[in-house]
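Once you've had a glance at the structure underneath, I'll fire off some questions.
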Amino acid sequence: MNGSELKILDWAALDADAQAATLTRPVQSVAAQTRESVAALIEQVRGGGDAALRAISARFDGVAPEDFEVGEAEFAAAERAVSAELRIAMQQAAGRIDAYHRAGMAQPYAVETAPGVVCEKMIRPIGRVGLYVPAGSAPLPSTALMLGVPARLAGCREVVLCTPPRKDGSADPAVLVAARLTGVHRVFKIGGAQAIAAMAYGTETVPSCDKLFGPGNSYVTEAKQQVAQAGAAAIDMPAGPSEVLVIADAGANPAFVAADLLSQAEHGPDSQVLLLSDDAALLAAVAGEVARQVAVLEREAIARQALSASRLVKVQSLDQAFEISNRYAPEHLILALRDPRPWLAQVEAAGSVFLGDYTPEALGDYCSGTNHVLPTAGAARAYSGVSVASFQNQISVQAASAEGIAGIGPCALTLARAEGLGAHANAVALRLGVTL
Ligand code: HSO
Ligand code: ZN
């Protein structure tokens, strides 16, 4: 790559349509064929249970395990297969993820809204949750940590995890160790849309779950959407390819910025990479660095594909960069700025923000403590990343005494009459001892 593959655009020179096109994600619409094959897979699992799972697994994964569930012997083998260094890193990461998520846990509360009227909020774990940990081009044990830790903090009664089997029928050992570390109760070697179907509807061996979490390819994402639509299970958030937007000033380090862009680009050919800067020289320097660094990546081919849809944009001011970023609502937002913190006030929509030169996205992906399961595809405008609250239900409670209803009952009566709902009015009037 000579750098020319990295398009540097001048925002001010683009008309409104071209600006909109610059911020448009590559086609997100799922091919009708994908939709249909996912629907067929879900039906197959729903009707055929474990036998269907076995047949689908043989077809797509090339293995049909007799027993999908990971047993003690396989967990023990995984413990032996994972190096002490990796285990310690996962333990340390889990500790920081725990600390961050614990601090953000919602607290129950009670408030007296009128004399004799107490309204409360109580928090309950979602009973049974299903975590999906992909293992496509790269198994992601860190995703098991990001989902398993908040599930445990929430206190979910049963935490189920599905991950695709490898060619030899075993699961990725690091994913298994991560699952155990976080207290996941049961792990099944099932991948793709069939895993989502199994966790949503249940089979003879896989329990049906109330809510499903985790990233995946377009089949997994489509399957999550379909089971949610059918009311079979709730899902964490709409998902799509991973993305990063970097806002850099003239003082940013081009090598650092390029490395951050590439760490996103290597995730998949459809990853999204955007750089906004008010400094033309910085943009050119980053383009050069990207060209240099990409050539030595193990996942060079994947990164190059993602880069072909990347954009480097010259903006007129940093204020304008933040306007554009808010419009795009990136999953990850890196502020490679000399004094980044004051700019946080301008951030309205983003999944997770990384401040300054020494906070690469990779830290948040693995071990700073924040969650890496984040809203993509602009969903950050209205969705937040996974947290303990994602694994909990908040239930409101209220109690009124005779004095309480005497005080606020007339208010309810007026509203009930306005809505023409006589039974509502009656339910209050009876307690007040008034005749309507
Ligand atoms: N950047 C990915 C998470 C990840 N990165 C896992 C490395 N492993 C989506 O936020
Ligand atoms: Zn990543």
Side-chain angles (χ1 to χ4, degrees), residues 1-11 14 18-28 137-138 215 218 239-249 252-280 282-315 321-322 324-337 347 349-354 357 359-365 372 374-380:
M1 185 165 68
N2 51 23
S4 62
E5 283 177 46
L6 285 181
K7 299 170 211 69
I8 301 187
L9 304 166
D10 183 358
W11 189 256
L14 303 176
Q19 289 180 346
T22 302
L23 299 186
T24 302
R25 273 106 174 155
V27 199
Q28 292 283 298
S137 69
S218 54
S242 198
E243 56 200 30
V244 68
L245 186 150
V246 181
I247 298 179
D249 60 17
N253 180 320
F256 292 0
V257 173
D260 290 346
L261 296 175
L262 286 170
S263 67
Q264 189 56 51
E266 77 170 347
H267 267 295
D270 48 7
S271 286
Q272 288 289 287
V273 169
L274 281 169
L275 169 62
L276 309 179
S277 180
D278 56 351
D279 188 73
L282 185 274
L283 288 166
V286 171
E289 271 296 332
V290 168
R292 202 178 60 75
Q293 291 183 25
V294 73
V296 295
L297 288 179
E298 255 171 70
R299 293 167 69 88
E300 177 188 355
I302 293 174
R304 279 192 193 280
Q305 281 184 67
L307 287 177
S308 66
S310 72
R311 283 141 198 146
L312 276 50
V313 183
K314 164 78 174 64
V315 292
F322 280 87
I324 296 169
S325 175
N326 285 330
R327 192 166 146 193
Y328 183 76
E331 179 190 16
H332 305 98
L333 172 61
I334 299 179
L335 304 184
L337 304 174
V347 177
S352 196
V353 185
F354 301 77
D357 292 345
T359 320
E361 185 201 309
L363 286 190
D365 281 353
H372 80 204
L374 297 164
T376 57

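Computation of the quantities below employed the complete heavy-atom set of this structure, encompassing side-chain atoms and omitting hydrogens, waters and symmetry-equivalent molecules.
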Interatomic distance, Lys7 atom NZ to Leu307 atom CG [nearest 0.5 angstrom]:
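Output value for this atom pair is 9.5 Å.
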Backbone of Pro375 reached by a side-chain donor or acceptor of Glu331 within 3.5 Å:
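Between the backbone of Pro375 and the side chain of Glu331 there is no qualifying donor-acceptor contact (under 3.5 Å).
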Identify the residue among Asp365, Leu245, Val353 that makes a side chain to side chain contact (heavy atoms under 4.5 Å, CB included) with His332.
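It is Asp365, the one option of Asp365, Leu245, Val353 that forms the side chain to side chain contact (heavy atoms under 4.5 Å, CB included) with His332.
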Without placing hydrogens or testing angles, list every side-chain donor-acceptor pair under 3.5 Å for residues 255-268, not counting sequence neighbours.
{"unit_1": "Ser263", "atom_1": "OG", "unit_2": "Asp260", "atom_2": "O", "d": "2.9"}
{"unit_1": "Gln264", "atom_1": "NE2", "unit_2": "Ser242", "atom_2": "OG", "d": "2.7"}

Does Pro330 reach the side chain of Leu274, with side-chain heavy atoms less than 4.5 Å apart?
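Contact flag for Pro330/Leu274 side chains = no.
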Close side-chain approach of Ile324 to Trp11, heavy-atom, < 4.5 Å
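When only atoms from C-beta onward are counted, Trp11 and Ile324 do touch, with a gap below 4.5 Å.
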Roughly how far, to the nearest 0.5 Å, is the CZ atom of Arg311 from the CG atom of Leu275?
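Rounded to the nearest 0.5 Å, the CG-CZ separation comes to 13.0 Å.
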Please check if the side chain of Thr376 supplies one atom and the backbone of Gly240 the other of a donor-acceptor pair under 3.5 Å.
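Yes; at least one donor-acceptor contact below 3.5 Å.
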Do you know which two heavy atoms are closest between Ser271 and Ala306, and how far apart they sit?
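Reported closest heavy-atom pair: O-CB, 3.7 Å.
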Side chains of Ile334 and Val244: closer than 4.5 Å at any heavy-atom pair?
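Ile334 reaches Val244 side chain to side chain.
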Val294 to Glu300 - nearest heavy-atom pair and separation:
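In this case the closest contact between Val294 and Glu300 is O-CG, 3.3 Å.
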Keeping the roles fixed (side chain from Arg304, backbone from Pro269), state whether a donor-acceptor pair exists under 3.5 Å.
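Absent.
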Between Ser325 and Phe322 (side chain of the first, backbone of the second, donor and acceptor by atom type, cut-off under 3.5 Å), is there such a pair?
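Checking the backbone N and O of Phe322 against the side chain of Ser325, no donor-acceptor pair under 3.5 Å is found.
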State, to 0.1 Å, how close Ala252 and Pro254 come at their nearest heavy-atom pair, and which atoms those are.
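Here Ala252 and Pro254 meet closest at O-CD, 3.3 Å.
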For the CD1 atom of Ile8 and the CG atom of Leu312, what is their distance to the nearest 0.5 Å?
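That separation rounds to 5.5 Å.
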Determine the sole option in Leu282, Asp279, Leu283 for which the side chain to side chain contact (heavy atoms under 4.5 Å, CB included) test with Lys314 is passed.
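Checked Leu282, Asp279, Leu283 against Lys314; only one passes side chain to side chain contact (heavy atoms under 4.5 Å, CB included): Leu283.
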Can you find a heavy atom in the side chain of Thr22 that is under 4.5 Å from one in the side chain of Leu9?
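Yes, their side chains come closer than 4.5 Å.
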Ile247 side chain reached by Leu337 side chain, heavy atoms, under 4.5 Å:
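In contact.
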Point-to-point distance, once rounded to the nearest 0.5 Å, from OG1 of Thr359 to CD of Glu361:
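One finds 12.0 Å between OG1 of Thr359 and CD of Glu361.
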If every non-hydrogen atom of Ala350 is compared with every non-hydrogen atom of Leu333, which pair is closest and at what distance?
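Reported closest heavy-atom pair: CB-CB, 4.1 Å.
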